[in-house]
Amino acid sequence: MGIRTGNPRGRPPGAKSKRTVEREQAVATAAKEIEAAIDGAFDGDAHALLMVVYKDPKHEMALRIDAAKAAIRYERPALSSVEAKMEVTERVEEVRWSIVDPEPVDP
């Protein structure tokens, strides 16, 4: 372990690194810009926040795509399968007879 001299060595516990401080400042700056663009963007309106992120060309493309994927659920309805309810055999017979014996067209 070595000899303890009484002098603190390294960063104290809980102290933030330079990179963490820079990142937090960048996030705070971005938050102010977003808040200026959309009033109440951080008041529970997650969709507005996602829209700002994916429309802002300053963000890298991967982040913008992820934000767009998350926001699309709120912008467009999801496609769903539709079940057709009809008797297939009756419809097949109907089509078959219309081909074999078409009804005459009145002039």
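The figures here come from the full heavy-atom set of this structure, side chains too, leaving out hydrogens, waters and symmetry mates. Numbers for residues simply follow the sequence, beginning at 1.
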Worksheet item: What's in the same ILVMFWY side-chain cluster as I72, cut-off under 4.5 Å, chained through other members?
Response: none

N/O donor to acceptor pairs below 3.5 angstrom from side-chain atoms of residues 51-67, sequence neighbours left out:
from, atom 1, to, atom 2, distance (Å)
Y54, OH, E75, OE1, 3.2
Y54, OH, E75, OE2, 2.6
D56, OD1, K58, N, 3.2
D56, OD2, H59, NE2, 3.4
K58, NZ, E33, OE1, 3.0
R64, NE, Y54, O, 3.1
R64, NE, D56, O, 3.3
R64, NH2, Y54, O, 3.3

Response to the item:
CZ of R23 to NZ of K18, rounded to nearest 0.5 Å, is 15.0 Å

Discussion item. E22: which residues meet the side-chain hydrogen bond (donor to acceptor under 3.5 Å, both in side chains) condition with it, sequence neighbours left out?
Written reply: none

Fill in: Non-neighbouring partners of T29 that pass side-chain hydrogen bond (donor to acceptor under 3.5 Å, both in side chains), sequence neighbours left out
none

Worksheet entry | K69: partners by salt bridge (charged side-chain N to carboxylate O under 4.0 Å, His left out), with sequence neighbours left out | none

Worksheet item: In the hydrophobic clustering that connects Ile, Leu, Val, Met, Phe, Trp and Tyr at side-chain heavy-atom distances below 4.5 Å, which members other than V21 occupy its cluster, ordered by chain and number?
Response: none

